[in-house]
Amino acid sequence: MTSDGLVACLDDVDRRLLDRYQRGLPLVERPYAAMAESLGVTEQALIERLTRLTEMGIIGRVGAVFNHRQAGASELVAVSVPDHRREAVAAIISACPGVNHNYWREHRYNLWFVVTAPDDTSLELRLTRLEAQLHTPLLRLPMVQSFHIDLAFALPWTELEDA
Amino acid sequence: MTEASAGRFQGLSQGLSQGLSQGLSRELLEGLSEHALAGAPHEQDWRHTRLRACLEQGLPLVPEPFKALAEETGLSVGEVRALIGYWQHSGLIKRVGLVVRHRSLGLTANAMVVWNLPDERVDEVGRRLASEPQVTLCYQRLRRPDWPYNLYCMIHGVRRERVEAQITALIQRHALEHVEHQILFSRRAYCQRGGRFTPEMP
């Protein structure tokens, strides 16, 4: 999907909403009313905006992002598959329980994905099953330490508009 | 109370007093009184687990989302809000808010740079790269026999040329010219969704 025009559809309130509330959703009885007030719109209007942003695919959800290392087990995995099998293999990977993203990257190892699970045992089980299903060895890359993981970064509006 | 749930209970109580001493709202933490933790420990655990599962999937877009979550999980509204606050405080939840799908917005130039650093330099270089504003993720992973790379960093950008220039600048600024590395740009995201950590419900 191209993003042509999507950014142009976002008005000033949408942008402020995205800038202000990637974190810090107020834990009050009516959080959307509190957010609406800080942005100068009504609660109903804010809920409609969140619904529209979700439908447009700009946000995946309004929700909690868990710390992978505390919440359970996860692992980055890569596989190398011939081009003609790439789409089919990617579909199997995406359907695997616990897979939270799955990218085609420009490399001999062309599919990269992260598998999450409640604990090490179920992660092991998910990966073993997947490997058998794919008939391809998995390059398993467990994390040793994290220096920085924060996808709630400031959005480069000007650059996005010029693209 | 089983040993595990007793441990959890103790952890929760300690977390609460820490939360109070560090200025987390008393009103929020009151929802998690001992009364709230009474009852069969297993039932208690599963209500918490249910809440985590709901939070992974997202808050409902209705005026009182925490009330909806309370109905869904069997917890009280106060407990729902207090647990979310407590989990944020303890670091289990990193943030609560809008989860942006960067690709749909136009941030399609996503580069993963992998570096083969001498082990004794990983800490220092990892920390320095992580402090660069354009680096969105930075972590150390195990090497593998045909994959010598031990440090990873990610840059999310709009234009590929700009991201390439940023990587060149990083290499110069941190004197990484002689460190073997590869840049893997993404072509397509087949799926992008939150992790699923909560176990299946009984």
Side-chain angles (χ1 to χ4, degrees), chain A residues 1 3 6-7 18 21-25 27 29-33 43 47 50-51 57-68 70-72 74 76 90 94 98-107 116 118 139 141-153 155-156 159-160 163, chain B residues 28 55-59 61-66 77 81 84-85 91-108 112 126-127 129-130 135-142 144 147 156 158-159 162 182 184-199:
Chain A
M1 189 187 73
S3 58
L6 266 192
V7 168
L18 287 159
Y21 286 110
Q22 291 185 52
R23 62 174 79 249
L25 182 120
L27 296 181
E29 221 171 279
R30 304 180 75 137
Y32 304 129
E43 179 188 44
I47 290 177
L50 289 171
T51 309
I58 299 284
I59 58 174
R61 66 192 186 279
V62 177
V65 175
F66 283 83
N67 176 337
H68 282 206
Q70 277 194 45
S74 67
L76 176 71
S94 296
V99 167
N100 80 338
H101 64 247
N102 178 16
Y103 283 100
W104 168 16
R105 291 192 181 275
E106 296 168 4
H107 194 269
T116 60
L139 177 66
L141 303 162
M143 191 183 287
V144 177
Q145 65 172 320
S146 152
F147 297 105
H148 178 70
I149 300 185
D150 186 10
L151 288 174
F153 53 85
L155 298 164
E159 214 188 326
L160 284 166
Chain B
L28 206 61
L55 291 171
E56 282 177 359
Q57 282 157 47
L59 296 180
L61 298 177
V62 298
E64 295 181 67
F66 300 122
V77 189
R81 285 164 48 202
I84 298 172
L92 174 66
I93 290 178
K94 290 199 294 188
R95 59 183 169 101
V96 184
L98 281 65
V99 180
V100 175
R101 305 186 59 163
H102 296 103
R103 293 188 82 84
S104 356
L105 204 52
L107 284 142
T108 48
M112 179 172 82
R127 261 188 276 279
L129 289 180
V135 171
T136 49
L137 300 109
C138 183
Y139 36 66
Q140 180 187 1
R141 294 188 179 277
L142 280 190
R144 293 298 186 192
W147 188 258
H156 287 71
V158 180
R159 282 177 215 264
R162 171 103 200 271
Q182 293 201 44
L184 289 82
F185 272 97
S186 65
R187 276 279 183 87
R188 195 177 149 186
Y190 290 103
C191 88
Q192 210 180 9
R193 56 181 172 246
R196 292 286 180 267
F197 298 104
T198 47

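All chains are named by letter (A, B, ...) in the order of the sequence lines, taking the proteins before the strands, and each is independently numbered beginning at 1.
- At a threshold of 4.5 Å between non-hydrogen side-chain atoms, the residues Val7(A) and Leu105(B) count as touching.
- With a threshold of 4.5 angstrom between heavy atoms, Gln145(A) approaches chain B through its backbone and through its side chain.
- Listed here is the closest heavy atom pair of Arg81(B) and Leu27(A): NE-O, 3.0 Å.
- Only the side chain of Arg144(B) comes within less than 4.5 Å of a heavy atom in chain A; its backbone stays farther off.
- In terms of non-hydrogen atom pairs under 4.5 Å with chain B, the most contact-rich of Ile47(A), Thr51(A), Leu18(A) is Ile47(A).
- By the 30° and 60° cut-offs, the orientation of the rings of Tyr190(B) relative to Trp104(A) is parallel.
- With a 4.5 Å cut-off on non-hydrogen atoms, Ala152(A) touches chain B through its backbone and its side chain both.
- Pro63(B) approaches Pro31(A) most closely through the heavy-atom pair O-CD, 4.1 Å.
- With respect to Arg187(B) and Glu106(A), a salt bridge is recorded, a charged nitrogen being found less than 4.0 Å from a carboxylate O.
- With hydrogens and angles disregarded, a donor-acceptor distance shorter than 3.5 Å links the side chain of Ser104(B) to the backbone of Gly57(A).
- Proximity to chain B (any heavy atom under 4.5 Å) is shown, for Leu141(A), by both the backbone and the side chain.
- Contacts of His148(A) classified as ring pair (Phe, Tyr, Trp, His ring centres under 6.0 Å), with partners at least two apart in sequence or in another chain: none.
- With a threshold of 4.5 angstrom between heavy atoms, Leu76(A) approaches chain B through its backbone and through its side chain.
- Note on Arg61(A) versus Glu56(B): no salt bridge recorded, every NZ/NE/NH1/NH2 to OD/OE distance being 4.0 Å or above.
- Put simply, the side chain of Gln70(A) does not reach to within 4.5 Å of the side chain of Ile93(B), judged on heavy atoms.
- Looking at Phe153(A), the atoms closer than 4.5 Å to chain B (heavy atoms on both sides) all sit in the side chain, from C-beta outward.
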